[in-house]
Each structure stands twice: as structure tokens, then as C-alpha cells.
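Keep in mind that what you see is a predicted model, and the values were worked out from it rather than measured. The sequence lines fix the lettering, A, B, ..., with proteins before strands; numbering per chain opens at 1.
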Amino acid sequence: MSRPQPLSGFPELLPRQRIVEQQVVDHLRRAFELHGFANLHTRAVEPMDQLLRKGETSKEVYVLRRLQADAEGGDAGLGLHFDLTVPFARYVLENAGKLNFPFRRYQIQPCWRGERPQEGRYREFLQADIDIVDLGELPAHYEVEVALVIADALRGLPLPPVRMHVNNRKLSQGFYQGLGIHDTDEALRIIDKLDKIGHDAVAKLLIDTVDATPEQAEACLKLASISAEDTSFVEEVRALGVSDPLLDEGLSELAAVVDAAAKEAPGFVVADMKIARGLDYYTGTVYETVMEGYEGLGSICSGGRYDKLASDGKHTYPGVGLSIGVSRILVPLLQAGKIDATREVPTCVIVALADEEDRSAANALAQRLRRRGVPTQVSPSAAKFGKQIKFADKRGIPFVLFTNEEGTQIKDIRSGEQTTVDVDAWEPPAADLHPTIVAE
RNA sequence: GUGGUCGUAGCUCAGCUGGUAGAGCACUCGGUUGUGGUCCGAGAGGUCGCGGGUUCAAAACCCGUCGAUCACCCCA
């Protein structure tokens, strides 16, 4: 077949879908900026050693190679970034002297991972990140703040209801430690699989891999079963009878997040002790967000606190951040037709053409509308008016402007209503000026 | 990377045990000598993903390949 086929994992949108994506990105941008986050744009590539820095993450990194490079490659092993946290950490170190701390930034850029694509997971995807990073110490209140920023950003988007599940690494690991389990990192990774493999399999893994006794395993699972929308979880955890200083710290930090969130974004955050996150660099609060009806997508927004986002040996830069999977949210919703744009072009008004000779007059008319911010285009040809209206209709353009004996008339092609207007005063209804997102 | 399923018109799909392609929607033109959406009529559009094999004959069977999709893994 000569027609090119799509590339697995590299979704491309149709114009009307792209309008949805653009509107979402604009919305996120406004929300982040309202909270004082500065924008950053980092290069697409990072040195391989930077990308592979974080533990032995088996991320499938796309490696860059120049066609003309020597076989042995004098190229300094570059790879495309697979998230925005790693580039940000590098950027912070590189520009530490020029940044003011605490520093808050947002970043909305594509990322690449070579994994096998699936619904909601792509090889190229858009991610919207916020992080707050400080020098030396990062106050715990930022762990509350980033969750609230996300709540604010996601709210107001026409998406299915979303809910953020929050836990604290100190809480879980302190609990395991208090129980007498030594490899608390591994225990956490096992608990992370709870949703996938179930209670019994997790118990068996705990017993087999971290030498937990059946009683210890059961206690871990009891902890993981606790969840609450308010601080009542603190009592539930205490009731399990484990005591440990790290556990206490975790409990009070998580309580602070849940307490503040309950006040400022009721119903958005739920404390959930089975949230662990597979990644090893989180050290405090961890977040995962699910979209109602799309639980199968997994987390659409996650992140956490890391005491060592970056370090140059002398200074450490702790941070806390969250990342919204824009593609993960949008592509499945678009494909399912759950979300769409009101039209497929920005155009609000088509200036009809009675005769090709009228084109320059029509251009002038269009320009008068554009000057006042009304996206306008002139009809492609002086075809029959029926066709010109159809041209608009097919694209979802709401208005057609005619010039006739009555003067200039605007027709709303949805209602069919046509009225004589003053081109320099006419305003479309606010909802029609630009395309908007509609949810099913 | 491992395994399953699928690949026919722009889209959704039909095509029985092999006999060389069809529907609906969309599209173009006309009915409607310039204000669409309904209706009616006509028309255009496919080397049946690609390559090879079996056969008198393959969209159909076999092999390979590419692509899609799902599961595992991992995660946004």
C-alpha cells in the first residue's frame, strides 16, 4: 500500500482533536501560572548517563545516532528524555547559580519511551509537569501545595471525575521497619503490585523475598487496606500497634496533606496506604491519580517528593512534583469520542463571495473583523451560496457573512437566522468566538 | 522484548466449504439559474497491508514480513 500507515505508539491527531489538546494545554498553562510557576523548556535530548542515572531503571530510551557518524560513533551518547523530571534535575544543577530558590516551574513537553504501546501508553506522549525545588531543605507544606495546584488545574477541564490517591513513603517504610522488616524498599515494591496480583500473592512475595513472617505480611496488607478522605486513617494505622519514629513522621505529613486538601479541594484527595510507586527515588509523599471509568489507564497524574532531586556533591536540591499525562488522558477520550471540539478550525466567520471580483472587498471586510479579534476567513470561491454555507457547515464554522442590498448580514447557520449587522460592532456570542471542548 | 488477535472503498463492515469484490455512511454532480442541512436520481472510488507458496482458479489456505491491537513487563 502506498498510503503511509500510522506508526505504533506515535499518535497524531486530527485538527479538531488537536484543538482539544491545545485547549487543554492552554488551560493547564493558565492554571500553573496562576500559582506562580514559571515555564521552562528543555532540550529533547540528554546524555545517556544522565538518563540512566536514576537507579537501574530499565526504561526503554530512544538513542540518538547521526546517519553520517562513524561506526564507532564520536557522538556523545545522546538519548531522548523519557520524562521531564530528569531534564529538570539536570537543568537545576546546570543553572543553580542563576535560579532563585525555592524555584517552581512547569514544563509541558513531549517525552519518549520505547515500550510497547497500548491504550494510554505511547512511545511519544505529552506530559505536563510541575515541580518545586529548594536548596538544602524543602518545607513539607509544598507537598500539600502541589496537590492543590493539580486539583485546581484538573478541575475545570471537562474530564470524567478524577481522584488523587496519596500516601507517604515514610509512613509505609516506617511501618515495615517498626514491624522488623529490613528491606523496606523491596517490601514497598511488592505492596505496589497489590492491585495487580492480589492479597495472597503479595503475602507470599513478602514472605519469600523480604523474609517477612506471615504475621508481618498480614500487617503490611492491613496497612495497605487503609484509605480515607480525612485524617481518620491516622487512628486506623495506630490501631495496628506498630511504632516507629519514621512512621510518626509519615503519619503527620500525610495527615497535613489530606487535611489541607479536604478543606481546599473537597473530594479530590484520598489517603490510600497501598500507593507505593515503583520508583525508588521518592522519599515522602507519593501521588497517583485515577480517572473514573478509566481505571484501566492507571495513573494519569503522579509524582512525589524526593529529597535528592539533584545534587552536585556540595548542595542537595530536594523537590516535590507531579506530572500530568496529557496524552494518556486525551488520546483514549478522543478515540472513544467522549470529548471533542465544537469545530475543527479556529474560524468563526466565513465571508461569502458573490463574485470573484469582490474578493478584495471581502478581504477588507474580514480584516475589520480580525482587528477586533474575530477569527475570519474569506470563502475559497464565489460558488453558489449553498455551497459556501456548506463549506462552513462541514467545518463547524458558525457564521457566514453576506453582503447584499440589505447591507452586511450575518447568518448563524445553526439556527438559520440572518440579521443585518454593523461589521465594526458585531460580536459573536462569547461561546462561539473560539472553538471549545465538549464532553459527551 | 515475549505471547494472543486482527489487516477488504475515506469510515464502519459483509464476502458461506477457494470460482478473480459488495453494503451503509461520507464524497462528486444533477433535480434546486446562487442561502446549506431533508428527499430523489446519477457517478466516482479497491493491485482485498506487502512478498512468496499451494491450486486450473486465492480476499479466502500455507509461510514470511510490515502495521494495528490486547496481555505480560513497566509506567504518564
Separation of atom CG in L205(A) from atom P in rC73(B), rounded to whole Å
11 Å

Distance between the C1' atoms of rC48(B) and rG18(B), in whole angstroms?
14 Å

For rC72(B), give the paired nucleotide (Watson-Crick: N1-N3 plus N6-O4 or O6-N4; G-U: N1-O2 and O6-N3; both under 3.5 Å), or none.
rG1(B)

Across every strand shown, the nucleotide meeting Watson-Crick or G-U wobble geometry with rA21(B) (both distances under 3.5 Å) is none

Value in whole Å for how far the P atom of rA76(B) lies from CG of D129(A)
10 Å

So does E253(A) pair up with R305(A), basic N to acidic O under 4.0 Å?
no

Nearest heavy-atom neighbours spanning I324(A) and C301(A):
CG1-SG, 3.8 Å

Considering only heavy atoms and no angle criterion, is a donor-acceptor pair shorter than 3.5 Å present between the side chain of D393(A) and the base of rG36(B)?
yes

Hey, is F125(A) doing a stacking thing with rA76(B), by the 5.5 Å centroid and 30° angle criteria?
yes

Side-chain donor/acceptor of R121(A) to base of rC74(B), under 3.5 Å:
yes

Only pairs with both distances under 3.5 Å count, Watson-Crick or wobble alike; so what is the partner of rA9(B) in this structure?
none

Suppose you measure atom C1' in rA60(B) against the same atom in rA14(B); what distance do you get, rounded to whole Å?
13 Å

Within 45 degrees of the ring normal and closer than 6.0 Å to the centroid, is that where the cationic atom of R395(A) sits relative to F391(A)?
yes

In whole Å, measure the gap between the P atoms of rG22(B) and rC29(B) for me.
26 Å

Nearest-angstrom distance, C1' atom, rC13(B) to rG51(B)
27 Å

Base, sugar-phosphate, or nothing: which does L84(A) touch, judged by heavy atoms less than 4.0 Å apart?
nothing

Stacked cation flag R155(A) on F268(A), 6.0 angstrom / 45 deg
no

From the candidates rC29(B), rU2(B), rG36(B), the one with an atom nearest any side-chain atom of I389(A) is rG36(B)

Round to the nearest Å and state the distance from K387(A) atom NZ to rU33(B) atom C1'.
13 Å

Using only side-chain N and O atoms of K384(A), determine if any of them is under 4.0 Å from OP1 or OP2 of rU35(B).
no

Check the distance between rC74(B)'s C1' and D83(A)'s CG and give it to me in whole angstrom.
14 Å

Any strand counts, and the cut-off is 3.5 Å on both contacts for Watson-Crick or G-U wobble. Which nucleotide pairs with rA60(B)?
none

Watson-Crick or G-U wobble partner for rU54(B), using a 3.5 Å limit on both distances?
none

Provide the distance between the two P atoms, one in rG67(B) and one in rG49(B), to the nearest whole Å.
16 Å

For K394(A) and for Q335(A), find the nucleotide of RNA chain B with the closest heavy atom, then tell me which residue's nucleotide is more 5'.
K394(A)

Does A392(A) reach a base, just sugar-phosphate, or nothing at all? Heavy atoms under 4.0 Å.
nothing

Quick one: closest heavy-atom pair of L28(A) and A128(A), and the distance?
CD1-CB, 3.9 Å

note: E115(A), atom CD; rC72(B), atom C1'; distance rounded to Å ~ 13 Å

Look at the side chain of E119(A) against the base of rU69(B) and say whether a donor-acceptor pair falls under 3.5 Å; ignore hydrogens and angles.
no

Measuring from D131(A):CG to Y142(A):OH, what's the distance to the nearest 0.5 Å?
13.0 Å

Salt-bridged, R414(A) to E417(A), with N to O below 4.0 Å?
no

Separation of the C1' atoms in rA21(B) and rC62(B), to the nearest angstrom:
23 Å

Using a 4.0 Å cut-off on heavy atoms, which residues in residues 402-416 of chain A reach RNA chain B? List them by number, or say none.
F402(A), N404(A), K411(A), I413(A), R414(A), G416(A)

In Watson-Crick or G-U wobble terms, both distances under 3.5 Å, what is the partner of rU38(B)?
none

Show your working on side-chain hydrogen bond (donor to acceptor under 3.5 Å, both in side chains) between T403(A) and D358(A) and close with a plain yes or no.
CA-CA 10 Å; T403(A) 305; D358(A) 299 338; over 6 Å; no

Nearest heavy atom decides the nucleotide; on that basis, is I197(A) or S302(A) closer to the 5' end of RNA chain B?
I197(A)

Please state how far atom CD in Q127(A) lies from atom C1' in rA76(B), giving the value in whole angstrom units.
5 Å

Report the C-alpha distance between R163(A) and E229(A) in whole Å, list the side-chain angles of each, state the deciding distance to 0.1 Å, and finish with yes or no for salt bridge (Lys or Arg N to Asp or Glu O under 4.0 Å).
CA-CA 11 Å; R163(A) 179 169 265 226; E229(A) 282 189 35; 2.7 Å; yes

Using atom CZ of R123(A) as one end and atom C1' of rC73(B) as the other, report the distance to the nearest whole Å.
14 Å

Distance between the P atoms of rG7(B) and rG45(B), in whole angstroms?
26 Å

Opposite nucleotide pairing with rU33(B), Watson-Crick or G-U, both atom distances under 3.5 Å
none

Specify the separation, in whole Å, of atom OH of Y294(A) and atom P of rA76(B).
21 Å

Y317(A)/F101(A) aromatic ring centres below 6.0 Å:
yes

Select base, sugar-phosphate, or nothing to describe what I329(A) touches, counting heavy atoms under 4.0 Å on all strands.
nothing

Using a heavy-atom cut-off of 4.0 Å across all strands, would you classify C301(A) as base, sugar-phosphate, or nothing?
sugar-phosphate

Return the minimal non-hydrogen interatomic distance between P435(A) and T342(A), and the atom names on each side.
CA-OG1, 3.3 Å

So what does A382(A) hit on the nucleic acid, given a heavy-atom distance under 4.0 Å: a base, only sugar-phosphate, or nothing?
base

Strictly below 4.0 Å: does Q118(A) bring a side-chain N or O up to OP1 or OP2 of rU69(B)?
no

Is the phosphate of rC72(B), meaning OP1 or OP2, less than 4.0 Å from a side-chain N or O of K193(A)?
no

Between rU28(B) and rU69(B), how far is it from one C1' atom to the other, in whole Å?
35 Å

Any donor-acceptor pair under 3.5 Å joining the side chain of R328(A) to the base of rC75(B)?
yes

